[in-house]
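Residue numbering restarts at 1 for every chain, and letters A, B, ... go by the order of the sequence lines.
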Protein chains: 2
Amino acid sequence: MSNLSSPRLIETPTAITQIGRLERVTLGERVHAELRELLMSGELAPGQRMSLRSIAETLGVSIMPVREAVARLVSDQSLEVLPNRAVRVPLMSRARFCELTAVRLAVEGFAAEEAARNRSDADLMAMQRFERAFLDQARSPDPQADQAVRANKELHFAVYRATGLPTLVGIIEGLWLKIGPVLNFDLKISPDRLRTGGAAEQHRRLVAAVEARDGASARKALTDDVKGAASFIESTGRLLN
Amino acid sequence: MSNLSSPRLIETPTAITQIGRLERVTLGERVHAELRELLMSGELAPGQRMSLRSIAETLGVSIMPVREAVARLVSDQSLEVLPNRAVRVPLMSRARFCELTAVRLAVEGFAAEEAARNRSDADLMAMQRFERAFLDQARSPDPQADQAVRANKELHFAVYRATGLPTLVGIIEGLWLKIGPVLNFDLKISPDRLRTGGAAEQHRRLVAAVEARDGASARKALTDDVKGAASFIESTGRLLN
DNA sequence: ACAATCTAACTGTGATCACAGATCGCGGCA
DNA sequence: TGCCGCGATCTGTGATCACAGTTAGATTGT
């Protein structure tokens, strides 16, 4: 604590100062991240009910951080609170699914195009790594659905992050948060889609287009991927209305 | 309270039952809407500091609903909480402004295109009404900045709502929430932009294109409008970095 | 008179209490 | 034996208390 001159911000640049930004991580933030992961990975099925107090007990915190996290998820409609005061992950009507898919095609298609233009070499290598991980599961005789879901998500977001537009990535995260329960929960139920579905092929085209900095082809590959997943979900007949 | 048969939902269809859905409106929701309106209309300048307790006292509620609303706004970066535990509306760097503008061009451009294709006659009439209101202020010798801001917002969102994609409208609201303080606060400071800027002309082109169901022209008019406002803001030199 | 230090007030965050409303199951009447 | 009605319990929401950390004002020492 040398205080030769002004005591403010004149500390020696030791290790402790170089840790840098220890970002503000509140308990509510942690709970929010936890629930978000569960939703995006399809761990929570549509219609699944939950209570603030049970979540709090499960995570070992008081209900205060939980209600903050849930309030945030409710506000962007990733969760919903019924008139009965019951919190659940929303059911998906066919109309809402189509709407979300339309928005995804526009937004994520734009992101793919932009990623092909702005990608760095590091971005490309990350995509290739996750594409390989997904392929391993798709070709495996005993595919692990959750591993495939994870690799698929990482691949897509590696592309989206390559745009250099974090705001856009945040928007897409919001979309995945809403559609994740339907998309990935069904994938876990019927893992044979990994082989039959053309996801692996679209991923290959996507990464190749990004590597060649071909925006139009990247958009086409990604929208084909999204459309393929969407038509599979619609064919399951699990959507309402 | 006649209970001839089952007491559940067998009430006579009087006025009280026809009020219908009184949607769940919590206090936190009200506070959130209030703060959102202040941000989007530029009532709160970038850098403006605020405290939960002062907001609570101003609005006449306890701090519980306020902290919920503020937490939601912080989570999508419409507000920020400094390491000092001070809540403020974020400052805008030039880089972040350019990023937000790029995303706006893509997302709102798509929305304009879609609106031109899907608009109803009622949608069109709403747009025309708000275009007229904006024009009245732009041509007025004594333009009211807040009225112009309001008309501009209503016109844009009349277009976005015409897409029939409420998810997309929500995304754009999020973008306006972040960029509103800069955009509209500067507009209020220098209201002569109403006359010099070409906003009125772009609005005319936009509404005409939507009326003609010309998607490409609608996108062009809207992106020109956004670009015009952006270049004006950049010219003020009020952005950081 | 000036500056350094210390204290008191204020900050967001987490925990606990309080409450209206809804749900479900058990007891009692027919 | 079957069904209605009431109460215990659980729900989210709001208020209040508690606390660590920061800030700014005032006071004191030089």
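- By the neighbour-count criterion of 12 heavy atoms within 6.0 Å, atom CZ of B/R150 is sparsely surrounded, having that number or fewer from other residues, nucleotides or ligands.
- Heavy-atom nearest nucleotides on DNA chain C were determined for A/R49 and for A/E29, and the one closer to the 5' end corresponds to A/E29.
- B/R36 and B/E29 are not joined by a salt bridge, as no carboxylate oxygen comes within less than 4.0 angstrom of a charged side-chain nitrogen.
- When the C1' atom of D/dT13 is taken as reference, atom CG of B/L27 falls 9 Å away, rounded to whole Å.
- A/R67 contributes a side-chain N or O that forms a donor-acceptor pair with the base of D/dG14 under 3.5 Å.
- Residue order along DNA chain D, read from the 5' end via each residue's closest nucleotide, puts A/R85 first among A/R85 and B/N84.
- Taking CG of A/L39 as the reference point, atom CD of A/Q48 lies at 10.0 Å (rounded to 0.5 Å).
- Atom pair B/L82:CG and C/dG12:C1' shows a separation of 12 Å (rounding to whole Å applied).
- Distance CD (A/E80) to P (D/dG12): 13 Å, rounded to an integer number of Å.
- Nucleotide C/dT11 holds its P atom 10 Å from the CD atom of B/E57, rounded to whole Å.
- Residue B/M64 places its side chain closer to D/dA15 than to any other of C/dA15, C/dA18, D/dA15.
- Ring geometry for A/H156 against A/Y160 counts as tilted: the plane angle lies between 30° and 60°, on a 0 to 90° scale.
- The side chain of B/I63 approaches D/dT16 more closely than any other nucleotide in the set D/dT16, C/dA15, C/dT11.
- Rounded to an integer number of Å, the gap from CZ of B/R88 to P of D/dT23 is 13 Å.
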Checking A/K153 against A/E37 for the salt bridge (Lys or Arg N to Asp or Glu O under 4.0 Å) test, could you report, in this order, the C-alpha distance in whole Å, the side-chain angles of both residues, the deciding distance, and whether it holds?
CA-CA 11 Å; A/K153 189 190 80 173; A/E37 193 57 35; 3.0 Å; yes
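- Applying the 4.0 Å criterion to OP1 and OP2 of D/dT11, one finds that A/S51 has a side-chain N or O inside that range.
- In this structure, A/L79 atom CG and D/dT11 atom C1' are separated by 15 Å, rounded to whole Å.
- Look at CD on B/E68: it is 10 Å from C1' on D/dG12, rounded to the nearest Å.
- Rounding to whole angstrom units, CG of residue A/L52 and P of D/dT13 are separated by 7 Å.
- Using a 4.0 Å heavy-atom cutoff across all strands shown, A/V87 reaches sugar-phosphate atoms only and no base atom.
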